[in-house]
Number of protein chains: 2
Amino acid sequence: MIEGLRGAGLKLTPQRLAIVEAFADDPTHPTAQEIFERLRRRLPTMSFATVYTTLDTLAAAGLCAVRALSPGPARFDPNVAPHGHAVCDSCGALIDLPGRAARATAAPPAGFVVRAVETIYRGACARCRAR
Amino acid sequence: MIEGLRGAGLKLTPQRLAIVEAFADDPTHPTAQEIFERLRRRLPTMSFATVYTTLDTLAAAGLCAVRALSPGPARFDPNVAPHGHAVCDSCGALIDLPGRAARATAAPPAGFVVRAVETIYRGACARCRAR
DNA sequence: ATGCATGCAAACTCTTTGCAAACGC
DNA sequence: GCGTTTGCAAAGAGTTTGCATGCAT
């Protein structure tokens, strides 16, 4: 991901490096708040707004993905390859499904009780493409 | 849906009836704002908060679904059966996929250019079930 | 008559923005 | 040195809540 920052012509600031390290290897899809709290210990002057803008910057550069699959804060995903998720109705937790589960063939995560399965197409609608 | 209100022991107020009529047959997944604007003409004293609380009440009674699949305002769906959606990256529009598209077999809507397909499991995670 | 529902405003959560100071390149 | 990035605070979007009044049952 750090290579990606450099490749996108973005500056390698201590804040950005710390944010990348804080979630690049984390499969739990932390929120901005959670990432901010992890960093506070090491970089006490870190601003919450910087966490947001940096994550936005990473997402705009295609280096991470923003997941908004349920109400509540957005979750950030270092895995930009298309893949499915199990979403908890009560806490909003996001758990990766293995593989490019375009079809619902992947087994749900251990202990997860499935209430519904749905398919989502992401893309551009006809109206937006017309512009 | 009105039957459902009665069956759930909820009062049939003019506001609730108007809200139900405003989106019960609407496949476009309006936001609370959009529903509110439709009602304003007929019920000028209608409060925006009433729209939210009523939609919450309907959802809690299982009479509609709240869809939060992308950033921005939640969208309300009168179709509570599990089904898939096409989500526009740029405007957030939600378009129904036909059938119980548990598997990605449904054709995308006309004019929609698909960038990615993903599967979502909804349910209860192990941690929440433990409580 | 009773208690749930409404309307209003204010609070709250999550995210973005404006601007001066600081820093990477 | 130049232009981007940071930190802070304030603003903005979206949603929820408290409380007095009103209405369905």
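Throughout, a chain's letter reflects where its sequence line sits, starting with A, and its residues are numbered from 1. What you see below is based on every heavy atom in this structure, not just the backbone, and it leaves out hydrogens, waters and symmetry mates.
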Nearest-Å distance for atom pair [atom1]/[atom2], residues [X] and [N]:
| X | N | atom1 | atom2 | result |
| --- | --- | --- | --- | --- |
| A:Leu5 | D:dT4 | CG | P | 16 Å |
| B:Leu43 | C:dG7 | CG | P | 8 Å |
| A:Leu39 | D:dG7 | CG | C1' | 15 Å |
| A:Leu55 | D:dT6 | CG | P | 11 Å |
| B:Phe36 | D:dG14 | CZ | P | 14 Å |
| A:Gln15 | D:dT4 | CD | P | 17 Å |
| B:Arg16 | C:dG7 | CZ | C1' | 14 Å |

Testing the basics here: between [X] and [Y], what is the closest heavy-atom pair and its distance to 0.1 Å?
| X | Y | value |
| --- | --- | --- |
| A:Cys91 | A:Arg75 | O-NH2, 4.1 Å |
| B:Val117 | A:Pro82 | O-CB, 4.4 Å |
| B:Met46 | B:Val51 | SD-CG2, 4.0 Å |
| A:Ala126 | B:Ala110 | CB-O, 4.3 Å |

So, applying side chain to side chain contact (heavy atoms under 4.5 Å, CB included) with B:His85, which one of B:Asp77, B:Ile95, B:Ile120 is it?
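Testing each of B:Asp77, B:Ile95, B:Ile120 against B:His85, the sole residue satisfying side chain to side chain contact (heavy atoms under 4.5 Å, CB included) is B:Asp77.
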Without swapping roles, check the side chain of B:Asp96 against the backbone of B:Pro98 for a donor-acceptor pair under 3.5 Å.
no
Short heteroatom pairs, N/O only, protein and nucleotides 12-16 of chain C, under 3.5 Å:
from, atom 1, to, atom 2, distance (Å)
C:dT15, OP1, A:Ala74, N, 2.9
C:dT15, OP2, A:Tyr52, OH, 2.1
C:dT15, O5', A:Tyr52, OH, 3.2
C:dT16, OP2, A:Asp56, OD2, 3.4

I'd like to know if B:Val113 and B:Leu94 are part of one continuous hydrophobic network [Ile/Leu/Val/Met/Phe/Trp/Tyr, side-chain heavy atoms within less than 4.5 Å].
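No, separate clusters.
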Considering heavy-atom distances to DNA chain C, does B:Gly9 or B:Pro44 have its closest nucleotide positioned more toward the 5' end?
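The residue whose closest nucleotide sits nearer the 5' end is B:Gly9.
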Write down the protein N/O and nucleotide N/O pairs, taken from nucleotides 20-25 of chain D, whose separation is under 3.5 Å; answer none if there are no such pairs.
from, atom 1, to, atom 2, distance (Å)
D:dT25, OP1, B:Leu12, N, 3.3

Relative to each other, are the rings of B:Phe48 and B:Phe36 parallel, tilted or perpendicular (30° and 60° limits)?
tilted
So, is A:Thr50 close to the D:dT6 phosphate, meaning a side-chain N or O under 4.0 Å from OP1 or OP2?
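Result: no.
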Residue-phosphate contact under 4.0 Å: B:Ser47 side-chain N/O, C:dC8 OP1/OP2:
no
With B:Asp89 via side-chain hydrogen bond (donor to acceptor under 3.5 Å, both in side chains) - residues at least two apart
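B:Arg115.
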